[in-house]
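Atom set for the values below is all heavy atoms of this structure, side chains included, hydrogens, waters and symmetry mates excluded.
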Amino acid sequence: MPDRRRLAVALVAAAVGTGALAARWPGPIGLLVVGLYALAQVPLMPTPSGMGVSFTPAVAGGLALASGGSPILVLAAGAVALPMGVAATHLVPWGATARSRIPSEAAGVASFGAVFCAAVLLFPERQVDHPLVLAAFAASATIGLMVTTLLRAGAGGRLTPRRLLMVRAFADWPAYTVLYAAAAMFAITVPEMGAWSLLLAGLPTAFGYLAMMRLQRTRHTYRQTIHALGRIPEAGGLVADGHSERTAALATAVAAQLGLGGRALDRVEFAALLHGIGRLVLANPAVTAGEYSLADVSGWSAAIIGESEYLAEVAEIVAVMNSPYRQPGQERDRSLPVEAQVVRTASAFCDGSSEGAGPLEAMETLHRGAAYDFDPEVVAALRRVLEREGAIAG
């Protein structure tokens, strides 16, 4: 939609919403509601995915409960506040990030409001703290989260699997839980406590914000450290420059293509980043004077990685990553984790590409090794990822 048309739609929606609010909440109360709704779109609560979440769900949820599920008020307030929030994001340094996630969040909040208002019609004249009302509130909030997650994944582009984007976006559910819970606490207590309900609902929100911020900083520190360790063999000229980063990006995409998610994706990424760290042993002339295999390198890498208890599962993956997925005359080795085959296949492809072979030649090498060395299901998933990225023709 052209920018002028979007602006016209936003202005019309804002005008209609202003009229609806003025009819129900004339004077400063309506202005306060809209102002809070608009400002809630600007700040970001840190989240595990790193995408951030605005405070819009808290305001929209509180408004939906406090108004008894009035669809006119919920949608009118959103129509007025949305363009104001977009304008406000131009005034802050992180405005571009805030604007990029406003469409998905706005759709999620609108879905939440529509479902909740429709559900309230099934049991009219119930108090806000009635179990049925709160159950409808929780179900509507879940639907809003799912809509936001789906839209975020759909807007992620073709280079990253949508399932991977969806898994990372859905990891933000604790932040949404904190915000919607704060909204419910406010709506339940405001009839008795008045303005003090804002403080009561704000305290757990603030604690949740601090917890999310510390979690994000901790995860960021871990990732920075692991990325730095993965670069050490490259700095020493033991592997091609950028090999660990390329392998990690490709292995994560392949793992998502295979349906892995959550902690499994983290294990694949970390194993891909650190699988070559055992090559540091090759700096010892006594080692290079003898014979060694890729399995030896994996064992050395696993021994180094295993020194960290946090990375114990990653060390187990690296230790067996160079094991064939099946032996001659035998069936598939079911004890071999699929994460290990994903890392091995991605690393072999990156090695072939960096040695002058094109993507098709590197893939052909993997297909020839699919009899014993490379899991054919993993190779097929890698091919689908490369076709989606346009690296090879479909």
Are side-chain N/O atoms of T252 and E269 paired as donor and acceptor at under 3.5 Å?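 Their side chains do not contain a donor-acceptor pair, so the 3.5 Å distance test is not met.
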Do S347 and H243 have side-chain atoms, one donor and one acceptor, less than 3.5 Å apart?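 Per modelled atom types, S347 and H243 side chains form a pair under 3.5 Å.
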Side-chain ion pair, D266 and R223, N-O less than 4.0 Å: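 Looking at R223 together with D266, the answer is yes, because their closest N to O distance falls below 4.0 Å.
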So, D241 and R231, do they make that salt bridge, N to O below 4.0 Å?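 The answer is yes: the pair qualifies as a salt bridge.
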How long is the straight-line distance from [atom2] of [Y] back to [atom1] of [X], given to the nearest 0.5 Å?
X: S298; Y: M321; atom1: OG; atom2: CE; answer: 5.0 Å
X: T345; Y: E377; atom1: OG1; atom2: CD; answer: 11.5 Å
X: L179; Y: T56; atom1: CG; atom2: OG1; answer: 9.0 Å
X: L250; Y: E245; atom1: CG; atom2: CD; answer: 13.0 Å

What orientation do Y180 and F112 show, parallel under 30°, tilted 30 to 60°, or perpendicular over 60°?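 Tilted, since the angle between the ring planes falls between 30° and 60°.
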Please work out whether the ring planes of F116 and F137 are parallel, tilted or perpendicular, with thresholds of 30° and 60°.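 Rings of F116 and F137: perpendicular, as their planes differ by over 60°.
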Do you know which of Q224, R217, Q216 makes side chain to side chain donor-acceptor pair (under 3.5 Å) with H220?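 For H220, the side chain to side chain donor-acceptor pair (under 3.5 Å) check succeeds only for Q224.
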Between R344 (side chain) and S323 (backbone), is there a donor-acceptor pair under 3.5 Å?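 Side chain of R344 to backbone of S323: a pair is present.
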Pairing residues for R263 by the salt bridge (Lys or Arg N to Asp or Glu O under 4.0 Å) criterion, not counting sequence neighbours: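 Applying salt bridge (Lys or Arg N to Asp or Glu O under 4.0 Å) to R263 gives E313.
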